[in-house]
Amino acid sequence: MDYFLQQLINGVTLGSIYGLIAIGYTMVYGIIGMINFAHGDIFMVGAFVALILIVTLGLSAATPVFLLIFALILVLVLAMALTAVWGWTVERVAYRPLRGSFRLAPLITAIGASITLQNFVQISQGARNKPLQPLISGGFQLTDGGPDGTGFVVQLSYMQIIIIVTTIALMAGFTFLINKTSLGRSQRACEQDRKMAALLGVNVDRTISLTFVMGAALAAVAGLMFLLYYGVIDFFIGFLAGVKAFTAAVLGGIGSLPGAMLGGLLIGLIETFWSGYFSVEYKDVAAFSILAIVLIFMPEGLLGKPEVEKV
Amino acid sequence: MSNTMKSWDNNPVLKIEHLTMRFGGLVAINDLSFNVGRGEITALIGPNGAGKTTVFNCVTGFYKPTEGRLVMARSGGEKYLLERMPDFKISAQAKVARTFQNIRLFGGMTILENLMVAQHNPLMVASQHTVGGLFGLPTYKRASNEAVEKAKYWLERTGLIDRADNPAADLPYGDQRRLEIARAMCTGPELLCLDEPAAGLNPKESAELNELLMYIRKEHDTSVLLIEHDMSVVMEISDHVVVLDYGVKISDGDPEFVKNDPHVIAAYLGVDDDEVDTVEQEVGL
């Protein structure tokens, strides 16, 4: 039971990171019906931006806690802003000129953008792993290993708490943004009928750009969390994380915001439990198998809406 | 037709000048010119395939005309060349709104949200592009309340107020048509283009629609350009009728004039073979 609890905590943490990335996939798919394959690399860029900021500010575990918290919030905001510029640029350069072109064209430029970002970071930052000494260590021990001290000790680290709480806060904020604000309404309107939205005075191009900006900002948060949690990044982390998050978005029902969150959580949990109870080598196989099974029985994903034919 | 100045030639809201639209070899509209009078209801009629919807598509930026000019003159005196504007500015700046023959509501959103999307621009300005709105700026709250009030006003006018929070797709057909007009009106248009608003309506709904259009023209200073096949609607409410056939204007005048125009009768009803010559002579072909 203790072991189960530990896996649950780890799984939710991992799932939160996947969920944050998955939102970027699902929002972009929702609004322009395209898979933004460069999104995983935007996540990677976000992690690098965060690393550069942390190194520039000279943060380390020795920094006083109060200052560290303040600095990390600053890093978070700056990383979101800078990565958002990357997201915006990718949309502007690789996708907007091809809007209205045949469906495969933006898919190809997406792969191109992905390779470009990877290679750019590889050349500019080097191909080696970039380690970061843990900034936030320690945590709570939820169990003490039983009376004889031989049982399993369940740990909930401060870092895990930070990741889970930040994710919940961001997702709540995003749900509000999409459901209640004028920007969110116009995004949903563009999702359903872009031409009609334009006729009502919505600047469709700008709305699409903002969708990319929002997705990239969330990916930057995921990047920072990943960096702080695992303490090592390289130029290639975007690929696997991107594929996993994309899987999460599809599992939850692509185009659905709560679906992306749920999908991310599920993928994270499946992976962690599989590694915990069966084998680490086959964790990806497990995650993708579950995806395949769900899609066979629920082609729209868990929370996706079936495609409604337009009259 | 007499030579006296027609009301629609005096300070028209929309001047269509030598509009031509070609799709490859097909000429959908050929050198079409007419005026849409300010504060009037103008009907654009013609047999199927005459190019009526194409005119609308040019006016609202769906198509870029091959040739010609579309001059929108707002009541403040500003003039806009619609053929040069991106589609969203035609609504936001030139204040032209339109509805569709096949209804295009945002089906997954509620009725109220449909009307709020139409007020996107004033809300975005008031919320400093969302940033101020998220921090609860008072100007945004005021603008937001005003937007809801405006939406409520139109929901009351169209009799949809009780269903404001239902998804738009759940409405019956006639209500969807009225909602589309309400949504177009929420953009605060000076010219409202309606593509077959009475299509598929029963006689009672059709009469309600006439009433709504008369109200819009009277109370809101909105000029109306409509495509309609239902002659009872056209003859009853329009001030000015323009008839198209094969992309060419064949008649232009008040309803009484158009009704008796032999060109129009020939285009709609056709003529017997042995009458072709006489009619052609009469209409000067």
Side-chain angles (χ1 to χ4, degrees), chain A residues 30-31 77 80-81 84 88 96 99-100 169-170 172-211 213-214 217 253 255-257 259 300 303-311, chain B residues 56-57 59-62 86-100 102-110 112-127 129-134 140 143-144 147 167-169 173 176 180 183-189 193:
Chain A
I31 201 161
V77 172
M80 283 170 88
W88 181 85
R96 193 187 291 185
R99 206 163 293 147
L170 277 172
F174 247 70
T175 310
F176 176 80
L177 192 73
I178 298 294
N179 288 326
K180 298 287 177 208
T181 66
S182 193
L183 175 64
R185 266 197 301 271
S186 58
Q187 278 179 317
R188 281 181 291 143
C190 288
E191 209 172 306
Q192 294 191 21
D193 191 339
R194 253 190 280 163
K195 213 61 201 179
M196 191 65 234
L199 285 177
L200 293 172
V202 176
N203 187 339
V204 174
D205 278 338
R206 184 184 292 163
T207 308
I208 292 172
S209 285
L210 280 173
T211 308
V213 163
M214 285 153 78
S256 151
L257 211 57
E300 307 91 32
L303 298 182
K305 282 177 224 120
E307 197 99 334
V308 182
E309 194 133 331
K310 278 187 190 142
V311 186
Chain B
F56 267 37
N57 285 340
V59 170
T60 50
F62 258 47
D87 46 11
F88 71 94
K89 283 194 178 158
I90 288 178
S91 162
Q93 294 176 3
K95 292 289 173 196
V96 178
R98 87 173 273 190
T99 67
F100 284 85
N102 47 339
I103 301 170
R104 286 175 84 160
L105 291 167
F106 303 120
M109 297 166 78
T110 70
L112 182 64
E113 280 178 331
N114 266 277
L115 300 188
M116 295 295 277
V117 170
Q119 304 182 62
H120 169 80
N121 284 312
L123 284 174
M124 281 307 252
V125 173
S127 69
H129 296 274
T130 310
V131 179
L134 288 181
Y140 174 68
S144 164
Y173 188 80
Q176 290 198 9
E180 231 196 354
R183 185 178 62 179
M185 287 310 294
C186 277
T187 62
C193 302

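Reminder, nothing fancy here: chain letters follow the sequence lines and each chain counts from 1.
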By salt bridge (charged side-chain N to carboxylate O under 4.0 Å, His left out) - contacts of A:Arg185 (at least two apart): none
Residue, of B:Val96, B:Leu105, B:Thr187, B:Asp87, that accumulates the most heavy atom pairs under 4.5 Å with chain A: B:Asp87
Structural part of B:Thr60 lying under 4.5 Å from a heavy atom of chain A: both
Any donor-acceptor N/O pair, B:Asn114 side chain to B:Thr110 backbone, under 3.5 Å: yes
Flag for A:Ser209-A:Arg96: side-chain donor and acceptor within less than 3.5 Å: yes
Most chain A-contacting option - heavy-atom pairs closer than 4.5 Å, from B:Ala97, B:Gly108, B:Pro86, B:Ala92: B:Gly108
With sequence neighbours excluded, residues passing salt bridge (charged side-chain N to carboxylate O under 4.0 Å, His left out) with A:Lys180: none
